[in-house]
Amino acid sequence: MDHNCLFCKIINGDIPSTKVYEDEDVFAFRDINPQAPVHVLVLPKKHIACASQINAENSALVGKCFEAVAKIASAEGLEKGFRVINNCGKDGGQSVMHLHFHLIGGRKLSEKII
Ligand code: AMP
C-alpha cells in the first residue's frame with residue numbers, strides 16, 4: 001500500500017467508495033463523476049502507478065483486472081457492449097496515479113477516440 005495514494009486508501013477502506021467487486025487481487029468501485037450510466041473503476045489492489053509500470057512481474061494482475069471487467073460487465077447488464085479506458089501519465093490525462101481501468105457503458109457510446 002502507498003499511504004499517499006487515494007485509491008490505496010479506498011481499497012483499504014480508509015476512504016469510502018461504492019464497491020461493486022472485490023477479490024484477492026482486484027478492487028472495483030463506482031466513479032464519483034460518472035460519464036455514463038455505468039462507470040466503474042477496476043484496479044489491482046497492488047499499487048502500480050500507471051500502465052508504463054506494467055512488467056513481467058505484475059502483468060498477471062492486469063489479466064485479473066480484465067477477468068473482473070467481464071464479470072462486472074455481465075453483472076451490470078452490459079450485454080450490448082462497453083468501453084474500457086486507461087489513461088496513463090500526464091499526457092494521457094491520468095489524475096490518480098494508481099493503475100485503473102474505466103469500465104463505461106449502459107448507453108450507446110459516442111465518439112471513438114481511435
Ligand atoms: P483518471 O483521470 O484516469 O486518473 O481517473 C481517475 C478517476 O477517479 C476520475 O474519473 C475521477 O472521477 C475518479 N475519482 C476520483 N476520486 C474518486 C473517489 N473518491 N471515488 C470514486 N472515484 C473517484
Side-chain angles (χ1 to χ4, degrees):
M1 176 176 175
D2 180 333
H3 292 277
N4 296 314
C5 170
L6 171 66
F7 285 176
C8 282
K9 290 178 186 170
I10 286 176
I11 292 164
N12 206 39
D14 299 335
I15 292 176
S17 70
T18 307
K19 182 172 76 173
V20 296
Y21 179 85
E22 181 175 15
D23 64 29
E24 190 184 343
D25 298 307
V26 177
F27 196 89
F29 55 97
R30 298 198 190 280
D31 196 292
I32 205 167
N33 183 25
Q35 302 301 306
V38 175
H39 187 169
V40 173
L41 302 176
V42 183
L43 45 149
K45 287 182 173 177
K46 179 182 168 70
H47 183 84
I48 300 169
C50 59
S52 60
Q53 304 300 308
I54 297 169
N55 56 39
E57 274 73 53
N58 61 27
S59 61
L61 295 171
V62 177
K64 297 273 189 182
C65 284
F66 276 80
E67 287 184 40
V69 162
K71 288 177 189 167
I72 297 163
S74 176
E76 296 285 327
L78 304 182
E79 291 84 6
K80 288 199 279 184
F82 54 84
R83 190 171 287 161
V84 178
I85 296 172
N86 169 254
N87 298 319
C88 179
K90 192 174 165 202
D91 281 4
Q94 185 177 7
S95 60
V96 180
M97 295 304 290
H98 183 127
L99 178 69
H100 56 279
F101 300 96
H102 297 256
L103 168 57
I104 296 170
R107 64 168 164 77
K108 179 85 175 74
L109 299 169
S110 59
E111 195 185 338
K112 289 191 173 184
I113 296 171
I114 53 169

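Just so you know, ligand 1 is whichever comes first in the structure, and atom 1 is the first atom listed for that ligand. Positions are given from 1 along the sequence.
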E22/K45 ion pair, N-O < 4.0 Å: yes
Under 4.0 Å from ligand 1 - residues by heavy atom, chain and number: L6, F7, I10, F29, R30, D31, I32, N33, L41, N87, G93, Q94, S95, V96, H100, H102
K46 atom NZ: more than 12 heavy-atom contacts under 6.0 Å: no
ring-ring contact (aromatic ring centres under 6.0 Å, His included) between F101 and F66, worked out: CA-CA 9 Å; F101 300 96; F66 276 80; 5.0 Å; yes
Positive for side chain to side chain contact (heavy atoms under 4.5 Å, CB included) with L103, one of I85, V20, I72: I72
M97 side chain reached by C50 side chain, heavy atoms, under 4.5 Å: yes
Parallel, tilted or perpendicular, as decided by the 30° and 60° cut-offs, for the rings of F7 and H100: perpendicular
